[in-house]
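The sequence lines fix the lettering, A, B, ..., with proteins before strands; numbering per chain opens at 1.
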Protein chains: 2
Amino acid sequence: MTEAEQDRLTPRQRAVLERALELLVAGGERALTTAGVARAASCSKESLYKWFGDRDGLMAAMIAYQASKVRGFADNGAPMDRERFRAHLVGFAQDLLEVLGGDVSLALNRLAIGQASREKSRLGQLLVAQGRRRIDQSARALLDAGRKRGFIHYSDADEAYRTLYGLIVRDLHVRMLLGEEGARRPEKFAALAEQAVEQFFALYGARQKERAETA
Amino acid sequence: MTEAEQDRLTPRQRAVLERALELLVAGGERALTTAGVARAASCSKESLYKWFGDRDGLMAAMIAYQASKVRGFADNGAPMDRERFRAHLVGFAQDLLEVLGGDVSLALNRLAIGQASREKSRLGQLLVAQGRRRIDQSARALLDAGRKRGFIHYSDADEAYRTLYGLIVRDLHVRMLLGEEGARRPEKFAALAEQAVEQFFALYGARQKERAETA
DNA sequence: ACAGAACCGTACCGTACGGTACTGACAGAG
DNA sequence: CTCTGTCAGTACCGTACGGTACGGTTCTGT
């Protein structure tokens, strides 16, 4: 789907989407006008409508395009010990925080959330499907690799992943979306990632098999 | 602040805000027009501008008004054993999920997030300050009560509370804000609350003093 | 009873935006 | 050289919204 969409995009159209993303990041949804995009990208409005249908189509294309750039973390079957597994988890946590706190991600999430009330457009679904799925899947693959080697223990992979996500992100995402300055501190992401993984091991580490299963 | 604002609001103005909130819930920000509010509330636009200044003032008043209705969970010094403490935590978790998943809360959060890009309006700050503070404080009081009686153990209250929040909410809030139907399942909130508190005790329960402190 | 404030309903204005139509430049094909 | 399709730039249209002004009505205090 995303790949096919990408193949249909000419370099010119990609450049237009890039400028549109810049506009969105700089000024929010109010700044994302068809005339503004056309002017910033040096193209005509008519071309915009020809390529993307309408304004909603343009926004959907922006989401798909941006999502295609955020590549998931590939989990090749390289051998690793417990410490390397832990380092992988910390790296994932830090990457996740940095992706969620990035300018473009925040702007697109704000856009999709602002459109969520309109029953017509399903930008939210698109954002979750395109942006989050690959992150989720690579994380699940990482967890699965750790479980197979006995570093962690769980029965429900989905529940374990959601717990990890909650420990990492907490309420940071919403606070960043709300524009709270205190929430956006990239220099603290490393420490937060360490702490979250520490807690995750306390819950799902192999030595506490009897824990966190009863619910 | 909120109390003072509340005192300044006449019953008529409160009714107007109520209708405005209904409009916002029903149709999102696009439906929140001054003419629409005036028509729905049977008042004149002139009165709206007289009472609330401008559209931003109206939105701020809506947030403050709604926040004034969400009363925090009072923690009276009633005696409780470990099981009652756990039940209090589960109740808090379930209340939190139900508040965050409520129609009005979601609509107001969407509104504030949509306005977050505009440097002018600080609806996000207002929403956090008015809506979340009292929930946070009551939860911290509850945690503190549990710590004093030896049911849980932590050194940093803020960090313990944020962990509890993350375990409860995970990514549900953002997914609900994005309009994902699968995320909004109030019938599952009870089970989620139970599970989160279970995990919280695994991390901060008195029997695992040595855990979750090193970071 | 009377004055003044508060307020509803409506009309109005300026602006901004989404979307369409038109014109002219340019590039490749025959 | 000419025909044809693409696209930038611009002008245009209908609509919708924020904000203001005004006439008429109801409420209130004296």
Among [options], which is the nearest nucleotide to the side chain of [X]?
| X | options | value |
| --- | --- | --- |
| Glu46(B) | dG19(C), dC8(C), dT6(D) | dC8(C) |
| Cys43(B) | dG18(D), dA8(D), dC8(C) | dC8(C) |
| Arg55(B) | dA8(D), dG18(D), dT20(C) | dG18(D) |
| Ser42(A) | dG9(D), dG19(C), dG19(D) | dG9(D) |

So, are [X] and [Y] salt-bridged, with charged N and O less than 4.0 Å apart?
| X | Y | value |
| --- | --- | --- |
| Lys188(B) | Glu194(B) | no |
| Arg170(B) | Asp171(A) | no |
| Glu22(B) | Arg19(B) | yes |

Using whole Å, report how far [atom1] of [X] lies from [atom2] of [N].
| X | N | atom1 | atom2 | result |
| --- | --- | --- | --- | --- |
| Leu32(A) | dG19(C) | CG | P | 12 Å |
| Tyr49(A) | dA21(C) | OH | C1' | 13 Å |
| Arg12(B) | dA5(C) | CZ | C1' | 16 Å |
| Leu23(A) | dC17(C) | CG | P | 12 Å |
| Lys50(A) | dA8(D) | NZ | C1' | 13 Å |
| Phe52(A) | dG18(C) | CZ | P | 15 Å |
| Arg30(A) | dT15(C) | CZ | P | 16 Å |
| Asp56(B) | dC17(D) | CG | P | 16 Å |

Most 5' of Gly53(A) and Gln13(B) on DNA chain C, judged by nearest nucleotide:
Gln13(B)
Using a cut-off of strictly less than 4.0 Å, decide whether [X] has a side-chain nitrogen or oxygen near OP1 or OP2 of [N].
| X | N | value |
| --- | --- | --- |
| Ser47(B) | dC7(C) | no |
| Thr34(A) | dG18(C) | yes |
| Trp51(B) | dA6(C) | no |
| Lys45(A) | dA8(D) | no |

If you draw the axis of the six-membered ring of Tyr154(B), does the NZ or CZ of Arg147(B) fall within 45° of it and under 6.0 Å from the ring centre?
yes
One should read off an interatomic distance between Leu96(B) CG and Arg132(B) CZ, to the nearest 0.5 angstrom, of 7.5 Å
When all nucleic acid strands are considered with a 4.0 Å heavy-atom cut-off, which category describes Arg39(A): base, sugar-phosphate, or nothing?
nothing
